[in-house]
Amino acid sequence: MDPILIVALIGGLIFLLLIVGAPIKPLRFVGQAAVKLMIGALFLFFLNAFGSLIDYHIPINVVTASVSGFLGIPGLLLLIAVEQFVL
């Protein structure tokens with residue numbers, strides 16, 4: 001499938017979930033977790049896009065997207081610190 005189509009479908013599903021909401025509590029939790037995971041992946045994407053100017057890269061996977069998505073900007077800073085000082 002075309003990557004643009006996949007991103008558009010995921011974005012549409014997230015938008016639909018945000019507008020309609022999930023009536024069932026576990027489904028709402030899964031939806032919120034998926035939205036945070038996608039936001040974390042976007043944070044990492046922009047970090048890698050701007051970090052490519054100075055040859056800096058953090059891989060985008062489930063763990064790094066979860067950390068940056070659930071913790072937000074402090075999580076992104078944590079990933080940068082771990083990359084610089086530990087690895």
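Quick caveat, the model's predicted, so the values are computed rather than measured.
A search for side-chain contact (heavy atoms from CB on, under 4.5 Å) contacts involving L13 returns nothing, not counting sequence neighbours. V63 pairs by the side-chain contact (heavy atoms from CB on, under 4.5 Å) definition with N61, not counting sequence neighbours.
Hydrophobic clustering of Ile, Leu, Val, Met, Phe, Trp and Tyr side chains at less than 4.5 Å, counting indirect connections, unites F45 with I80. One hydrophobic cluster, built from ILVMFWY side chains closer than 4.5 Å, holds both F50 and I60. Connection of I10 to F43 is established within a shared hydrophobic cluster, with ILVMFWY side chains joined at heavy-atom distances below 4.5 Å, either directly or through further cluster members.
The shortest distance between side-chain heavy atoms of L76 and L44 falls below 4.5 Å.
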Just distance, no hydrogens or angles: give the donor-acceptor pairs under 3.5 Å from side chains in residues 66-73, sequence neighbours left out.
from: S66; atom 1: OG; to: V62; atom 2: O; distance (Å): 2.7
from: S68; atom 1: OG; to: G40; atom 2: O; distance (Å): 3.0
from: S68; atom 1: OG; to: T64; atom 2: O; distance (Å): 3.1
from: S68; atom 1: OG; to: A65; atom 2: O; distance (Å): 3.3

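Among residue pairs with one or both ends in residues 45-56, none qualify as side-chain hydrogen bond (donor to acceptor under 3.5 Å, both in side chains); sequence neighbours excluded.
Atom CD of E83 and atom CG of L47 lie 9.5 Å apart (nearest 0.5 Å).
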